[in-house]
Novice: 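One structure is given below, represented as structure tokens, and several questions about it will come after.
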Amino acid sequence: NLISIGGNCFTAMYSFNQPLELPSTLTSRGGFSGCSAFNSPIKINSTSYTIQSNFMQYCQSYNQPLDLSGATSIGNYVFYDFQSFNSNITFGNNLTSIGSNFMNSLKCFTKSIIIPSSLTTISTYFISDAMLPYTLTWNASVYPTDNYSLSSGVTYPSYQKGVKVYGTHRADLMTALPNRTGYPQRKLIDGGS
């Protein structure tokens with residue numbers, strides 16, 4: 001009958017590394033901030049839920065596939081400082097909002113992310129300070145407009161490859177987030193629909 005996990009649940013459990021299965025009754029997920037050794041599968045059984053702010057923040061060792069197809073909204077600092085993550089992440093067509101600093105400091109990611117058309121709100125620092133390259137499919141009609149979203153904070157050779165952008169609204173995203181050669185750097189490449 002568990003319906004909610006609060007924001008500080010499992011916070012700073014530095015050695016925790018066991019699989020987690022969350023029940024279908026759960027509608028709100030928080031916690032797991034600072035679980036720096038955690039790298040075990042998470043199974044989410046419910047089909048509609050919110051992800052609270054700071055969920056899995058500072059989980060620097062985590063590198064498991066994430067199925068978030070039931071998420072309807074994502075809070076701030078979710079997957080912040082996800083330095084080892086290089087697995088698939090899946091969103092569903094009920095996702096309506098993503099908060100600030102989503103997947104900030106994504107140092108190893110080379111996979112693809114698909115942003116669904118259902119998204120109506122997105123905040124700042126979206127995938128900021130990330131290594132490259134990865135691909136992004138943008139089907140939403142809303143866009144972050146700050147200097148830091150989809151940016152790199154450092155200069156390195158792979159930056160020149162940029163982020164390849166696909167999707168029905170890729171052109172509008174590239175207009176909202178033009179390329180930057182100064183700090184923070186950004187390079188978006190039109191990959192087509």
Novice: What pairs of residues pass the salt bridge (Lys or Arg N to Asp or Glu O under 4.0 Å) test when at least one of them lies in residues 168-179, not counting sequence neighbours?
Specialist: Arg170-Asp190
Novice: Can you name the side-chain hydrogen bond (donor to acceptor under 3.5 Å, both in side chains) partners of Ser40, sequence neighbours left out?
Specialist: Asn17
Novice: Within the distance-only criterion (no hydrogens, no angle test), does the side chain of Ser73 pair as donor or acceptor with the backbone N or O of Thr96 below 3.5 angstrom?
Specialist: no
Novice: What's the verdict on side chain to side chain donor-acceptor pair (under 3.5 Å) for Thr72 and Asn94, showing C-alpha distance, side-chain angles and the deciding distance?
Specialist: CA-CA 5 Å; Thr72 58; Asn94 293 319; over 6 Å; no
Novice: Please work out which of the three classes, parallel, tilted or perpendicular, describes the rings of Phe109 and Phe85, given edges at 30° and 60°.
Specialist: parallel
Novice: Are Asn147 and Tyr183 close enough that some pair of their side-chain heavy atoms sits under 4.5 Å apart?
Specialist: no
Novice: Any donor-acceptor pair under 3.5 Å linking the side chain of Ser149 with the backbone of Tyr125?
Specialist: yes
Novice: Does a salt bridge link Asp81 with Lys107, judged by any charged N lying under 4.0 Å from a carboxylate O?
Specialist: no
Novice: Is it the case that the side chain of Asn139 and the backbone of Thr168 share a donor-acceptor pair, with hydrogens and angles ignored and the cut-off at 3.5 Å?
Specialist: yes
Novice: Between the side chains of Asn86 and Thr110, is a donor N or O closer than 3.5 angstrom to an acceptor N or O?
Specialist: yes
Novice: Checking the side chain of Asn45 only, and the main-chain atoms of Leu22 only, is there a donor and an acceptor separated by less than 3.5 Å?
Specialist: yes
Novice: Is there a side-chain contact between Tyr58 and Ser33 (heavy atoms, below 4.5 Å)?
Specialist: yes
Novice: Would you check if the side chain of Thr137 reaches a backbone N or O of Ile114 as a donor-acceptor pair within less than 3.5 Å?
Specialist: no
